[in-house]
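Computed from a predicted model, the values in this text were never measured in an experiment.
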Amino acid sequence: MLQKIQDQRQLAGSYWEASRPALRTDRQLMGNALFDVAVIGAGFAGLSAAMKLAAAGVSVCVLEAEHVGYGASGRNGGFCCLGGTKLSVHQLVRRFGLEEARKFLAYQVAGINQVAQRLETWGIDADCHSKGEITLAHRPKDLDGLKAEADYLKENFGIKSRALDKAALDKEGYGGPGFHGGLHIPYGFALNPMAYLYGLADQVRRKGGRIYGKSPVNGMSRDGDRWRLDTEHGFVRAKGVVLAGNGYAKETVPKWLHGRTLPVMSSIHVTRPMSEHELSAQGWTSETMASDSRILLHYFRLMPDRRFLFGTRGGIFETEPSLKAMHKRARQDFDQMFPAWKTVESEYQWYGRVCLSRNLTPFVGEIPGMDGVYAAMGWHGSGIAMASLSGEKAAGLILGTVRPEDLPAALQQPFKRFPLPSLRKLYLQGAYWWYGYQDR
């Protein structure tokens, strides 16, 4: 099993890359190799699965197209929070019933707690801050909905959230002319996702797992009692496979994936560090993770070094003109929402892919008709906690320590295929126009 050192890393230009020393390079797969399990994708889900399997004595490798941190796990906004679905709690209750909705919410909280415990146990300083998260009403009429949401969460899920009016927002440091109230939920925290991801990769290596960089899987086929995963310079044969590429997965590996997910773009800007005078001028001094009440939401937070992170949803096409326009719109939105900071430079800007499914829920389980092939994908823009726990659960399914019925029903449904999948980005563009109209 000859190997060579991977080529120069492809960088996203993110603040996270600049904030941490470069991770050790993982060798490229050369020749053929035999493992019990092969994991595709070195993000939160894939590395969590590999770590769990390696700790159980299973021989496992991770095949990564570029390097640890290249995909969404190294590009996101660093919100370790509730989420993983585009369904509201009301929609979850209607689709799965109240008890299953409660089970799914408890699963999300368990994911948050797991990440916090890992960081503490491994002694990783990931610049953690924020006690929970806040959703800000971008229109006066949205405040009543947030208040009703607080009552609903308390009555049905036992969550003691807080509804804040405009005066309370200003007092607590959530200053902005377009914020008319808010709903604070006491779960989650912010962190440097690359610091956590590097620590997770290190744990995989320490426990005996192998990570291969610059080793994209280009084909997958049955080979006797094993699956064969072909890369550019070799192949791996394994009895079990975990698909954990999320929005960076290759749709033909396996063919079952084609048309079942929809990667869209999310843009992030990070400013230079600001002075206390600049923060006070805007009235934003809170370090709480925040987003607004738009369908095409904005998400933002003040970081410990006094930089401000600002992210947007809404990009669809990954072309240079489209990405340039997306970044430009993001900066325009930032200037409008935080007018006191119009002259504050964005020192970093990058983007990542958010993985949507037609179900609007993740899938963690065995792929129908593909014995031994499991998926852990579809985080809908909130993957740090959900992907970390779900990767571990996928490993548990392989080990037999987790049964499918042990997972929330919201995770058990395999992805449905989008109708006319070759056109799905075009009709999503129409949906985005409609969402933009609704967000006014």
Side-chain angles (χ1 to χ4, degrees), residues 14-20 72-83 112 115-116 119 125-138 161-162 164 168-176 178-179 181-197 266-276 278-294 296-313 330-331 333-341 344-352 354 381-385:
S14 74
Y15 171 72
W16 313 128
E17 292 169 338
S19 69
R20 287 292 185 273
S73 294
R75 297 171 182 249
N76 64 81
F79 288 49
C80 184
C81 60
L82 300 177
I112 293 170
V115 175
L119 293 173
D125 180 4
D127 298 329
C128 296
H129 63 94
S130 182
K131 295 180 179 179
E133 59 180 322
I134 189 168
T135 301
L136 299 167
H138 77 283
S161 55
R162 290 192 303 136
L164 290 77
L169 288 185
D170 292 339
K171 182 179 180 180
E172 296 189 22
Y174 303 106
F179 306 138
L183 175 64
H184 180 270
I185 296 178
Y187 298 109
F189 60 95
L191 77 165
N192 181 323
M194 198 71 85
Y196 167 47
L197 190 65
S266 186
S267 171
I268 297 178
H269 287 238
V270 169
T271 71
R272 62 164 170 79
M274 288 187 278
S275 67
E276 294 304 317
E278 287 174 312
L279 298 176
S280 297
Q282 175 59 49
W284 190 284
T285 56
S286 173
E287 290 190 348
T288 303
M289 299 181 294
S291 61
D292 60 23
S293 54
R294 291 176 172 85
L296 297 177
L297 60 79
H298 303 88
Y299 53 98
F300 36 92
R301 61 183 174 98
L302 179 63
M303 299 197 291
D305 63 359
R306 319 322 277 170
R307 297 177 186 271
F308 198 79
L309 180 149
F310 183 81
T312 64
R313 296 278 193 261
R331 181 66 211 205
D333 289 352
F334 174 82
D335 291 345
Q336 182 180 11
M337 294 170 66
F338 302 97
W341 297 338
V344 175
E345 306 90 344
S346 293
E347 287 194 348
Y348 299 89
Q349 66 178 34
W350 69 95
Y351 76 96
V354 174
S382 298
I384 295 179

A.B. asks: Ignoring hydrogens and angles, tell me if any N or O in the side chain of S266 forms a donor-acceptor pair with the backbone of T312 under 3.5 Å.
C.D. replies: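 Yes.
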
A.B. asks: For the atom pair NE2 (H129) and CD (E287), what is the distance rounded to the nearest 0.5 Å?
C.D. replies: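 H129 atom NE2 to E287 atom CD measures 5.5 Å (nearest 0.5 Å).
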
A.B. asks: Calculate, to the nearest 0.5 Å, the distance between atoms OH and SG belonging to Y196 and C128 respectively.
C.D. replies: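 That separation rounds to 11.0 Å.
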
A.B. asks: I would like to know whether N192 and S19 meet side-chain hydrogen bond (donor to acceptor under 3.5 Å, both in side chains); could you show each step before the answer?
C.D. replies: CA-CA 9 Å; N192 181 323; S19 69; 2.9 Å; yes

A.B. asks: Report yes if some heavy atom in the side chain of H184 is under 4.5 Å from a heavy atom in the side chain of E172; otherwise report no.
C.D. replies: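 A side-chain contact is absent here, since even the closest heavy-atom pair is not under 4.5 Å.
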
A.B. asks: Nearest 0.5 Å, please: how far is OG in S267 from NE2 in H298?
C.D. replies: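 Atom-to-atom, H298:NE2 and S267:OG are 10.0 Å apart.
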
A.B. asks: Would a distance-only check, ignoring hydrogens and angles, find a side-chain to backbone donor-acceptor pair under 3.5 Å from E278 to W341?
C.D. replies: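 It does not hold such a pair.
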
A.B. asks: Heavy-atom distance under 4.5 Å between the side chains of S275 and R306, does that happen here?
C.D. replies: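 Heavy-atom side-chain distance check fails, nothing below 4.5 Å.
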
A.B. asks: Let me confirm one number: the CG-CG distance from D170 to L164, rounded to the nearest 0.5 Å.
C.D. replies: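 Taking CG in D170 and CG in L164, the distance rounds to 10.5 Å.
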
A.B. asks: Would you name the heavy atoms of Q282 and A340 that are closest together and state the gap between them?
C.D. replies: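 That closest heavy-atom pairing would be OE1-N, 3.1 Å.
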
A.B. asks: Checking side chain to side chain contact (heavy atoms under 4.5 Å, CB included) for the pair T271/F338: CA distance, chi angles, key distance, verdict?
C.D. replies: CA-CA 12 Å; T271 71; F338 302 97; over 6 Å; no

A.B. asks: Verify side chain to side chain contact (heavy atoms under 4.5 Å, CB included) between M337 and F179, making sure each step is shown before the conclusion.
C.D. replies: CA-CA 9 Å; M337 294 170 66; F179 306 138; 3.9 Å; yes

A.B. asks: Hey, could you give me the CG/CG distance between D305 and D127, rounded to the nearest 0.5 Å?
C.D. replies: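 Going from CG on D305 over to CG on D127, the span is 7.5 Å.
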
A.B. asks: Strictly distance-based, threshold 3.5 Å: is any side-chain N or O of S346 a donor or acceptor partner for the main-chain N or O of Y348?
C.D. replies: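 No, S346 side chain to Y348 backbone: no donor-acceptor pair under 3.5 Å.
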
A.B. asks: Could you list the residues that satisfy side chain to side chain contact (heavy atoms under 4.5 Å, CB included) with E345, not counting sequence neighbours?
C.D. replies: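 Applying side chain to side chain contact (heavy atoms under 4.5 Å, CB included) to E345 gives R272.
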
A.B. asks: Under the side chain to side chain contact (heavy atoms under 4.5 Å, CB included) criterion, do I384 and F79 qualify, and how do the steps go?
C.D. replies: CA-CA 7 Å; I384 295 179; F79 288 49; 5.6 Å; no

A.B. asks: Between R75 and E17, is there a side-chain N and carboxylate O pair less than 4.0 Å apart?
C.D. replies: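 No salt bridge links R75 with E17.
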
A.B. asks: Given the rule in the side chain to side chain contact (heavy atoms under 4.5 Å, CB included) test, do R307 and E347 qualify, once you have shown the distances and angles that lead to the verdict?
C.D. replies: CA-CA 9 Å; R307 297 177 186 271; E347 287 194 348; 2.8 Å; yes

A.B. asks: If you compare all heavy atoms of L297 against all heavy atoms of D292, which two are closest, and at what distance to 0.1 Å?
C.D. replies: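 In this case the closest contact between L297 and D292 is CA-OD1, 3.4 Å.
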
A.B. asks: Taking C-beta and beyond as the side chain, do F308 and L279 meet within less than 4.5 Å on heavy atoms?
C.D. replies: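 In short, these two side chains do not touch, never coming nearer than 4.5 Å.
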
A.B. asks: So which heavy atom on S14 is nearest to which on G74, and how close?
C.D. replies: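 Smallest heavy-atom distance, with atoms named: OG-O, 4.0 Å.
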
A.B. asks: Of all the heavy-atom pairs spanning G132 and M289, show the shortest one and how long it is.
C.D. replies: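 That would be O-CE, 3.3 Å.
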
A.B. asks: If only atom types and distance count, is the side chain of D333 paired as donor or acceptor with the main-chain N or O of A330 below 3.5 Å?
C.D. replies: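 Answer holds: no.
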
A.B. asks: Taking all non-hydrogen atoms of both residues into account, name the closest pair between P193 and L191 and its distance.
C.D. replies: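 Smallest interatomic distance, heavy atoms only, reads CD-O, 3.2 Å.
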
A.B. asks: Hey, is the main chain of A18 close enough, under 3.5 Å, to the side chain of W16 for a donor-acceptor pair?
C.D. replies: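 No, the answer is negative, given that no donor and acceptor are paired below the 3.5 Å cut-off.
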
A.B. asks: Which heavy atom of W284 sits nearest to which heavy atom of A290, and what is that distance?
C.D. replies: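 For W284 versus A290, the nearest heavy atoms are CH2-CB, 3.9 Å.
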
A.B. asks: Are any non-hydrogen side-chain atoms of V115 and F189 less than 4.5 angstrom apart?
C.D. replies: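 Yes, their side chains come closer than 4.5 Å.
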
A.B. asks: Say whether, by atom type as modelled, one donor and one acceptor occur between the side chain of R313 and the main chain of G381 under 3.5 angstrom.
C.D. replies: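 Answer holds: yes.
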
A.B. asks: Going from NZ on K131 to OG on S286, what distance comes out if it is rounded to the nearest 0.5 angstrom?
C.D. replies: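 One finds 11.5 Å between NZ of K131 and OG of S286.
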
